[in-house]
Amino acid sequence: MSQVDTHSQHDHHDHGPEKGLKRWLFTTNHKDIGTMYLIFSLVMFMTGGAMAMVIRAELFQPGLQLVEPGFFNQMTTMHALIMVFGAVMPATVGLANWMIPIMIGAPDMALPRMNNWSFWILPFAFTMLLLTLVMPGGGPAGGWTMYPPLIQQTGIALPFLIFAIHMMGISSIMGAINIVVTIMNMRAPGMTLLKMPLFVWTWLITAYLLIAVMPILAGGVTMLLTDQYFGTTFFNAAGGGDPVMFQHIFWFFGHPEVYIMILPAFGIISEIIPTFSRKPLFGYESMVYATASIAFLSFIVWAHHMFTVGMPIAGQLFFMFSTMMIAVPTGVKVFNWVSTMWRGAMTFETPMLFSLAFVFLFTIGGFSGLMLAIAPVDFQYHDTYFVVAHFHYVLVPGAVFGIMAGVYYWLPKWTGNMYDERLGKLHFWLSTIFVNVLFFPQHFLGLAGMPRRIPDYATQFADFNMVSSIGGFGFGLSQLLFIYVIVKCARGDVKATDKVWDEPRGLEWTLSSPPPYHSFNVAPEIK
Amino acid sequence: MSRTILNRLHSAALALLASAFAPAALADWALNMPVGVTEISKEVYGLHMLILGICVAIAIVVFGVMIVSIFLHRKSRGVEPAQFYHSTKAEIIWTVIPIFILIAMAVPAAEGLIRIEDTRNADMTVKITGYQWRWRYDYLDHDIGFYSTLDRESNQARRLNSGTDPYSVENYLLEVDHPLVVPVGAKVRLLLTAADVLHAWWVPDLAVKKDAIPGYINEAWFKADVPGIYRGQCAELCGRDHGFMPVVVHVLERDEYDAWLVEQTADKVATPENVAATRKL
Ligand SMILES: [Cu+2]
C-alpha cells in the first residue's frame with residue numbers, strides 16, 4: 001500500500017462535519033451514519049435485553065409472580081422483533097457503513113442521501129413499535145412469527161406493528177441497495193472482487209439476501225393487514241384461505257433472514273482471526289464460495305421451521321435433506337477458521353477472544369441446528385426450549401459476539417483511542433460464562449419437554465429455569481460493562497496508532513486513527 | 001410458600017453439584033429426551049442419540065484441534081507464524097467427508113419419517129380439536145366426545161400471585177379434568193384440527209407432535225406399548241393461556257378400557273353436557 005494522501009484536495013469536499021444536532025440529522029457521511037446505526041443498535045439491544053430480563057424473571061420459578069400471561073407474550077414477541085430488526089441488523093449495517101467504503105478504498109457510500117434516510121427511518125419505526133405496548137389491548141403478543149389466525153387477535157397494535165415492519169423493510173432494502181452499489185462501483189482500481197476483504201464479501205451477499213426477502217415479508221404482513229381490515233381471506237380457512245400459507249411466506253423470508261444476521265458476523269470473524277493469528281486467512285476463495293452456497297441454500301430450506309404442520313412426506317424429505325446440506329459449507333467455514341489459527345502465532349486480545357468464543361459456540365448452535373434438521377426427531381424438538389437454545393446459540397454467542405468482536409477490533413480505529421483491554425477482557429469472560437449458563441440448560445429443558453413461549457411451567461422444569469435465569473441476569477448486567485468500555489474509549493486519552501494491532505491486513509489500517517472525515521479522496525493503490 | 005427462593009437456590013446449587021456425578025438419580029435435572037413407550041418413540045430416541053453422538057464426535061475433533069492450536073501456536077511461546085493459506089487436498093477432504101456423514105444420518109432419518117407418516121391400519125380413530133384453551137376429543141368409532149381442560153387445582157394455583165405454592169399441586173399444569181383414554185397396544189389414529197387459532201398436540205412419551213390448524217385435518221398416530229399416564233402440552237403459541245392447555249393420555253389395559261367405554265356410554269345419557277357433545281359429532 002503506498003502512502004495515502006487524504007488532504008491533497010482543498011476543494012469543497014474537504015470539509016469537516018457540521019456542528020451540533022445538524023451534523024447528525026442531515027449527515028450524508030458514512031462514518032456518522034455508521035456511528036448512529038451502532039448507537040441505535042446498542043440502545044435497542046438494551047431495550048430488547050430489558051424485555052428478556054422480564055421474561056427470565058417471570059421464569060425464575062414456577063407460578064406467576066410478576067406479569068400476566070398476556071403481557072408475557074407481548075414481551076417474548078417484542079423482545080424478538082427488537083433484537084432481530086432493531087439490534088442485530090442495524091449493528092451489522094452500522095459496521096458496513098463504517099467499514100465497507102474504507103475497506104474498498106472509497107471516499108464514502110455510493111448513495112449518501114439515501115443512506116441518511118435509511119437510518120432515520122429506524123428510530124421512528126421502533127418508537128412506533130414500542131408505543132404499541134401502551135395502546136389499548138397492549139402490544140403484539142402473537143410471537144415475532146406473527147402466525148395467523150392468532151395475530152389477528154391483536155388489538156389496535158396490529159396496523160402499527162405492520163407499518164413498523166414496512167418501515168424497517170424499506171430501511172433495510174435501501175441500506176442493502178446502497179451497499180451493493182457501493183461495492184460494485186466504488187472499489188479502488190485494482191480491487192478486484194476476489195481481492196475484497198471477506199467482510200465486504202459477506203455483506204455483498206447479505207445485501208442481495210435482504211433485497212430478495214424483505215419485500216416478501218412486506219407482502220406477507222400486508223396480506224395480514226387486508227385480512228384484518230379489508231375483508232380478504234388470504235389466511236382464513238373459512239373464506240377459502242390458508243393459514244399455513246402465511247408460514248410458508250414468513251419462513252421464505254425468515255430463513256434467509258437468519259443468514260442476514262449471521263453472514264456479516266462470519267465476515268468480521270474472518271477479518272479478526274488472521275490478524276491475531278498473524279497468518280493469512282486460510283482458504284479465502286472457498287470462504288467466498290461457502291458463503292454464496294449458504295446464501296443459495298437458505299432459499300430452499302424454509303419449511304424446516306414447519307415440519308409439524310402436516311406437509312406431504314416428499315416435502316418433508318426435501319426440506320430435511322436440503323437443510324442437512326447447509327452443514328457442508330458451514331463446516332468448510334469452521335475448518336478454514338481453525339486452519340487459519342493452526343501454526344499461527346496467536347495473541348488473545350478482546351476481539352480475538354470474542355472470535356474464538358464465536359467459533360466454539362456458534363458451532364454448538366450449528367450442531368443443534370443439524371439435529372433439528374432431522375425431521376422425525378424434530379417432531380420432539382419443535383417449539384420446545386431446545387429450539388430456543390439453538391437459535392440463541394447462533395444469535396447471541398454467534399451474531400452478537402461477532403458484532404462485539406468487530407466493535408472491539410475497530411473501536412480504536414473509529415475513535416483514535418485504545419479501549420481498556422483489561423475491562424474488555426473482563427466483559428468477554430463475564431459474557432461468555434453467563435451466556436452459557438443462560439442458554440446451555442435450555443437444551444435440557446427442551447429435551448425434557450418444556451414448550452417455548454410459556455410464562456409458567458411444571459415443577460420438574462424449575463431447576464434448570466432458575467439456573468438459566470441467573471445466567472440471564474448475569475449476561476444482562478455484563479452488558480453495562482460493554483457500554484462503559486465504549487464510553488471510556490470514546491473519551492479516553494490513550495491514543496491508538498494507525499495500525500492499532502500488530503500485523504493487521506486491510507486498507508482501514510493505512511488510514512489515520514480516527515480516519516479523515518472523507519475516507520479516501522484519492523484512491524489507494526492496491527497491490 | 002413452602003419453599004422460599006433461598007431454599008430453592010440452595011437446593012439448585014446442591015443438585016447442580018450432584019447432577020455432575022449422578023444425573024440419572026435426579027429426575028428434576030432431566031438432561032435428555034424420554035425414551036417413551038411406543039416403537040416410534042424408541043426409534044426417535046435412537047436417532048436423536050445417533051445424531052447427538054456424531055455431533056459430539058465431530059465437536060471433539062474440531063474443538064480438540066482448536067484447543068491444541070490455542071495452546072501450542074501462541075505468540076507468547078515464541079513461535080514463528082507459518083504463512084500457508086491454501087490446501088486443495090484438505091479442502092476437498094473436509095467437503096467430501098461431511099457429505100458421507102450426512103448421508104449416513106439421512107438414511108435412517110428418512111426411514112423413520114416414512115414409518116411415522118404411515119397412518120394405515122388403525123384400530124381406532126380419535127378426532128382432536130384445539131380450542132383457546134382446551135382440547136376436545138371425539139371418538140369417531142363410538143358416540144363419545146368431551147372437552148379436556150386444565151384441572152381446577154392447577155388453574156387456581158397458576159393465577160398471578162395466587163398464594164398457592166405450585167409445589168403443593170400434584171402434576172402442576174400437567175393435569176386435566178378429562179384425559180384422553182386409549183387401550184394399550186392399539187394403533188390410535190389421530191385427526192387434528194382447531195376451532196380458532198393454531199395449536200399443537202404433543203405428548204413426548206408417545207413421540208407425537210402435530211399442529212392443529214383451522215380448516216385442516218392433520219393425521220398422526222401412536223401405539224402405546226405400556227399402560228400408564230402420559231403428559232404433554234400444547235406446543236404452538238395459541239394466545240394468553242397457551243401454557244395452560246395440557247394434554248393427558250391414559251393408556252389402559254384392554255378390559256379396563258372396555259369398562260371405561262361402557263361407563264362413558266352410560267354417562268352420556270345422564271349428563272346434558274354429554275348429550276350436547278354427542279349431537280356435535
Ligand atoms: Cu394451544
Side-chain angles (χ1 to χ4, degrees), chain A residues 61-64 68-70 143 147 149-150 153 237 243-244 278-280 282-283 286 308-310 313 316-317 320-321 324 327-328 331-332 334-335 338 341-347 360 367 370-371 374-377 379-380 382-383 444 447-449 451 453-456 458-460 463 466, chain B residues 8 12 15 28-33 44 47-48 51 55 59 62-63 65-66 69 73-75 79 81-82 85-86 91 94-95 98-99 102 106 109-110 112-113 116-117 158 160 166-167 172-174 197-198 200 204 207 209-211 213-215 218 233 235-243:
Chain A
Q61 50 176 332
L64 291 178
E68 291 286 354
Y147 285 180
L150 181 63
Q153 296 181 353
V244 177
R278 292 163 182 77
K279 208 167 142 268
F282 187 89
S286 67
T308 61
V309 298
I313 193 157
Q316 296 188 46
L317 288 171
M320 174 166 80
F321 296 148
M324 292 171 80
V328 176
V332 166
V334 173
F335 300 142
V338 175
M341 295 173 214
W342 190 254
R343 290 183 53 214
M346 274 187 269
T347 50
F360 274 110
F367 285 135
L370 181 59
M371 295 171 77
I374 312 293
V377 202
F379 295 146
Q380 291 282 46
H382 179 83
D383 260 329
F444 305 138
L447 293 176
R453 294 165 160 173
I454 56 174
D456 191 9
T459 50
Q460 74 255 34
D463 300 316
M466 186 171 286
Chain B
R8 298 277 311 144
D28 279 11
W29 293 90
L31 297 174
N32 207 351
M33 185 187 282
V44 164
L47 257 174
H48 159 71
I51 313 294
C55 288
V62 175
F63 295 162
V65 172
M66 240 179 106
S69 186
H73 310 137
R74 45 169 68 215
K75 197 179 172 221
V79 291
Y85 56 89
H86 186 63
E91 286 172 67
W94 66 48
T95 310
I99 291 175
L102 288 175
L113 187 63
I116 288 173
E117 293 293 326
R158 62 109 174 168
L160 185 59
Y167 289 94
Y172 177 60
L173 299 187
L174 293 179
V197 301
L198 307 175
K209 183 187 286 140
K210 201 80 166 182
D211 290 1
I213 303 168
N218 271 334
Q233 286 178 265
E236 177 65 56
L237 179 62
C238 58
R240 194 187 69 218
D241 287 350
H242 163 56

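Residue numbers begin at 1 in each chain, while the letters A, B, ... track the order of the sequences.
Contact tally against chain A (heavy-atom pairs below 4.5 Å) for B/Pro98, B/Ala106, B/Gly112, B/Gly243: the top residue is B/Ala106. In terms of non-hydrogen atom pairs under 4.5 Å with chain B, the most contact-rich of A/Val309, A/Val328, A/Val334 is A/Val309. Note on A/Ile454, A/Ile313, A/Thr308: by heavy-atom pairs under 4.5 Å with chain B, the leading option is A/Thr308. Note: B/Leu173 leads B/Thr95, B/Leu173, B/Leu47 in heavy-atom pairs under 4.5 Å with chain A. For chain B, the option among A/Phe444, A/Phe321, A/Phe360 with the highest count of heavy-atom pairs below 4.5 Å is A/Phe360. Between chain A and the options B/Ala207, B/Ala110, B/Pro214, B/Pro81, the largest number of non-hydrogen pairs under 4.5 Å is found for B/Pro81. Counting heavy-atom pairs closer than 4.5 Å to chain B, the top-ranked of the candidates A/Gly63, A/Ala375, A/Ala327 is A/Gly63. Per-residue counts of heavy-atom pairs under 4.5 Å with chain B were compared for A/Gly331, A/Gly70, A/Ser286; the largest is that of A/Ser286. Here A/Gly344 is the residue among A/Ala237, A/Gly344, A/Gly283 with the most heavy-atom pairs under 4.5 Å with chain B.
Looking at B/Leu174, only its side chain comes within 4.5 Å of chain A, counting heavy atoms on both sides. Of the two parts of A/Pro280, the backbone and the side chain both hold a non-hydrogen atom closer than 4.5 Å to a non-hydrogen atom of chain B. Only the side chain of A/Met320 comes within less than 4.5 Å of a heavy atom in chain B; its backbone stays farther off. Contact of A/Gln153 with chain B is made through the side chain alone, with heavy-atom distances under 4.5 Å. Residue B/Ile116 touches chain A through its side chain alone, counting heavy-atom pairs closer than 4.5 Å. Both the backbone and the side chain of B/Glu236 come within contact range of chain A, with heavy atoms under 4.5 Å apart. Contact of B/Asn32 with chain A is made through backbone and side chain together, with heavy-atom distances under 4.5 Å. Both the backbone and the side chain of B/Leu198 come within contact range of chain A, judged by heavy atoms closer than 4.5 Å. Heavy-atom distances place both the backbone and the side chain of B/Ala59 under 4.5 Å from chain A.
Looking at heavy atoms from C-beta onward, B/Arg158 lies in side-chain contact with B/Asp241 at the 4.5 angstrom threshold. Using a 4.5 Å heavy-atom threshold, the side chains of B/Glu91 and B/His86 count as touching. No side-chain heavy atom of A/Tyr147 sits under 4.5 Å from any side-chain heavy atom of B/Leu237. Side-chain atoms of B/Ser69 and A/Val338, non-hydrogen and from C-beta on, never get closer than 4.5 Å to each other. For the pair A/Phe379 and B/Val44, the minimum side-chain heavy-atom distance is 4.5 Å or more. Between B/Tyr172 and A/Asp456, the closest side-chain pair of non-hydrogen atoms falls below 4.5 Å. Looking at A/Gln316 and B/Glu117, their side chains come closer than 4.5 Å, going by heavy atoms from C-beta outward. Residues B/Val197 and B/Cys238 are in side-chain contact: their nearest non-hydrogen atoms beyond the backbone lie under 4.5 Å apart.
The aromatic rings of B/Trp94 and A/Phe335 sit tilted, their planes meeting at an angle between 30° and 60°.
Between the B/Lys209 side chain and the A/His382 main chain, a donor and an acceptor come within less than 3.5 Å of each other. Between the side chain of B/Asn218 and the main chain of B/Asp211, a donor-acceptor pair closer than 3.5 Å is present.
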